[in-house]
Asker: 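Okay, handing you the structure first.
Source: prediction; values computed, not measured. Below, chains carry the letters A, B, ... as their sequence lines are ordered, and counting in each starts from 1.
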There are 2 protein chains.
Amino acid sequence: VTRTLSEFGLIAKYFRPLATHKGALALTDDACVLPQAAGWDTVVTTDALTAGVHFLPDDPPKLIARKALGVNLSDLAAKGALPVGYLLALALPHSVDEAWLALFADGLSESQQAYGLSLLGGDTTATPGPLTIAITAIGRVPSGTMVRRSGAKPGDHVFVSGTIGDAAAGLAILQGAPAVEADAAFLIERYRVPRPRVFLGPTLRGIASAALDVSDGLLADLGHIGEASGVRIVVAADSVPRSHALKRFDPDGLVRAVTAGDDYEIAFTTINPDLATRALPASEVPITRIGRVEPGEGVVLVDGEGREIPISRAGFTHF
Amino acid sequence: VTRTLSEFGLIAKYFRPLATHKGALALTDDACVLPQAAGWDTVVTTDALTAGVHFLPDDPPKLIARKALGVNLSDLAAKGALPVGYLLALALPHSVDEAWLALFADGLSESQQAYGLSLLGGDTTATPGPLTIAITAIGRVPSGTMVRRSGAKPGDHVFVSGTIGDAAAGLAILQGAPAVEADAAFLIERYRVPRPRVFLGPTLRGIASAALDVSDGLLADLGHIGEASGVRIVVAADSVPRSHALKRFDPDGLVRAVTAGDDYEIAFTTINPDLATRALPASEVPITRIGRVEPGEGVVLVDGEGREIPISRAGFTHF
C-alpha cells in the first residue's frame, strides 16, 4: 500500500475541512487558540484507542472515528460540559491507505455535525505498530458547575441513561457468540459506535450531585463515585435497564451486564428524583432510577428482597 | 516482565503526584477543569512520539519523558504562550515495567519543575505495539497576542534562537558516526532532550510578526512561515548559528544543518531587529539574525555574495 501524499498533503486534504472553528487556524499553525470568557470553565479530557485493543483492526474506518471521538465526548458529557472541539494525534501504520483515511475523516465529520464541534489541531506520524488514535476533547461549563465524581451524598438516588450491557454482548457476538440477526446488528452497533450523551450531559448541571460515564462497567464506575464521594452505593438489580435485544441474547446475564464495559452511558446521583425525571426528558435518551446512596463505602447489587447478589469481579481493567 | 499494579494503581503511584494543579482534581475524575478569565486566550497543541520513530526504545526513560513534553512545550513557546499544564495519553507495551514508569515520571517531574506546569489528566492503556506517548499541552496568552505563522511581512528580519543542526548530528553519532567524546555527549543530549524555549517564547509577543518552532528543519519551517504569510524568506548561510561541537563534527555540513530536523529552537520574523535583540537577552538563550523577508514566495539560502546555494531536499517529512 502506498500513500502518494506527504504528511502535509494528507492533513490538507482530509483534515483541514474538519477544522471549522476559527481558532483552529485551518490547521496551518503550531497550536489552536480559543478565547476565554469570564464566567466559564474549560473542561478537557483525553482518551486513546489502539487497534486490536479498543477496536478490531478491520472495523469500518468511519465507525473507528466515531468511537474514538465518542469515548471522549462521553467524558465531557458526564461532566455537564458542552463540547467545543478536539485535537487528534494519529499514529498510522503503513497499511493505512488514503481510502481508509478518507472514510475515517468522513466518520469524524459525521460526529462533528451531530454534536456541533470542530477539529482544533493534531499530529500525524508513522508507526511500525498498530493504528493508535489519541484524542483530546475540549468543552466548557459555566464557572463552578462541572459535575464531579465526588459530590454524591447519602440519601441521593442513583440514575443511569440508556441501557446497560449491550456493548459487551456486541463484542461477544463479533467474537462468534450466536444471536438472532436483528439483535446482533443492534448489539454490534452499540459496541462499535458509542453514542455519547452529549445533549443529556449539560442538563445534569445543577441536578446531579455526582456523575461519570460508564466505561469500565456500571458497578465499577459507580464504585468510582462511591470512592470519590466517600459513600456506599446500592443498586437494585431488577431496575438496571437492559435492552430487549440483550435480554433475548443473554436472558440470565444481569451480572455480566453490570460488570461489562464500554456502555458509554451516564451514571449520576441526585437528591431530587422528580427534578431529574422531569428536567431530563428533553434530552435524547431515557434515564432510569437504579439505586440509592447510603453512608459507608463500596457498591453492592441487591435483589428484589434486598439481599446482596455476589459479584466475583466488579468491572474491567485494562491490565 | 510483570506489573503488579492495576491501571488505577499505576496512575495513583506515579502520576497523581504530578497533578499539582487544583483543576486536575488529583486525576480522580473524568476531566480536568480550568477557569477562564476575560482578557486571555487558551493555546493548545498536541504531539505524539512513538518508540523507534521519534526516540530509540532503549533511550533513558527520563529523557523520553522530557522529550515528549519538550516538543509540545516548544510549540507553545513559539506561539508566545506560557504553559499551564498537559494531558498524557500513554500506550504501554507489556515490556514496560514499574521501574521504567518510575523513571519516566521522574523525567516529567523535572520538566514540570523547570517550566512551572502540572499534569492535568491522562489515559493509560496497554498496546501490543511500540510505546506511544501522546501529549496535549495547554498554555495561555493575553487575548489576541498569540504569535502566528502568518504575520511575516517584506522588510522583516529573520531570527533563530540557539544553534541549528545539533540534534541531527547527535542522532548520526548514536547510529555510529565517529565524533570526539565531549562533542558526542553534547550533540546526543541535544537530540535526546530538546530544551523548549519556554522563557523566550512569551518575550516574542508584540515583537515577532510570525514565529514557529524548528522541528522539520530550519529551511522547511521557514518555508511554512513563508507560505502562511505569502512572502519569500532569504537566509544568509554564513549567519546560521552552529555550535562549536557541530562545526568540529561536520565542518562542511551547513546544508545538512539547515535541512535536518528536531532542533526545537524558535524561528521568528520582526520589523525591529534592535527591539528584538534588546528585549530578549533576559531569556535563557541567544538569538541570531539569519535573514530577511522579501516579497515573493519560497525560502532560499544565499552565500556571502548573495548567490543562491542549491538545496536538494528542503527539510524532512515523516512519510
Asker: Between atom CH2 of B/W40 and atom OG1 of B/T145, what is the distance when rounded to the nearest 0.5 Å?
Answerer: 8.0 Å

Asker: As an exercise, state the distance from CG of B/L88 to CG of B/L108, rounded to the nearest 0.5 Å.
Answerer: 6.0 Å

Asker: In chain order, what residues pass the side-chain hydrogen bond (donor to acceptor under 3.5 Å, both in side chains) check against A/R140, with sequence neighbours excluded?
Answerer: none

Asker: Show your working on side chain to side chain donor-acceptor pair (under 3.5 Å) between A/S209 and A/T269 and close with a plain yes or no.
Answerer: CA-CA 6 Å; A/S209 54; A/T269 59; 2.6 Å; yes

Asker: Is there side-chain contact between B/V141 and B/K79, with heavy atoms separated by less than 4.5 Å?
Answerer: no

Asker: With a 4.5 angstrom heavy-atom cut-off, could you sort out which part of B/I138 is near chain A: side chain, backbone, both or neither?
Answerer: side chain

Asker: A/A91, A/G52, A/P128: which one forms the most heavy-atom pairs within less than 4.5 Å of chain B?
Answerer: A/P128

Asker: Are any side-chain N or O atoms of B/D59 and backbone N or O atoms of B/L56, one a donor and one an acceptor, separated by less than 3.5 Å?
Answerer: yes

Asker: Which bit of A/D213 is near chain B, if near means a heavy-atom gap under 4.5 Å: side chain, backbone, both or neither?
Answerer: both

Asker: Taking heavy atoms only and a threshold strictly under 4.5 Å, list by residue number the residues of residues 41-49 of chain A that touch chain B; give 'none' if the list is empty.
Answerer: A/D41, A/T42, A/V43, A/V44, A/T45, A/T46, A/D47, A/A48

Asker: Quick check on the interface: out of A/A37, A/G121, A/P130, who has the most heavy-atom pairs with chain B under 4.5 Å?
Answerer: A/A37

Asker: A side-chain contact here means heavy atoms from C-beta on lying under 4.5 Å apart; do B/L92 and B/T125 qualify?
Answerer: no

Asker: So how far is it from A/Y14 OH to A/L101 CG, rounded to the nearest 0.5 Å?
Answerer: 7.0 Å

Asker: Report yes or no: does A/R197 contribute a side-chain atom to a donor-acceptor pair with the main-chain N or O of A/E265 at less than 3.5 Å?
Answerer: no

Asker: According to the side chain to side chain donor-acceptor pair (under 3.5 Å) rule, which pairs have a member within residues 221-231 of chain B, sequence neighbours left out?
Answerer: B/D216-B/H224

Asker: Looking at CG of B/L119 and CG of B/L87, how far apart are the two atoms once the value is rounded to the nearest 0.5 Å?
Answerer: 7.0 Å

Asker: Using a 4.5 angstrom heavy-atom cutoff, name the option from B/A134, B/G122, B/S143, B/A211 with the most pairs to chain A.
Answerer: B/G122

Asker: At under 4.5 Å between heavy atoms, what parts of residues 21-34 of chain A are in contact with chain B? List them by residue number.
Answerer: A/L25, A/T28, A/D29, A/D30, A/A31, A/C32, A/V33, A/L34

Asker: Would you please classify the geometry between the A/F268 ring and the A/F159 ring as parallel, tilted or perpendicular, with 30° and 60° separating the classes?
Answerer: parallel

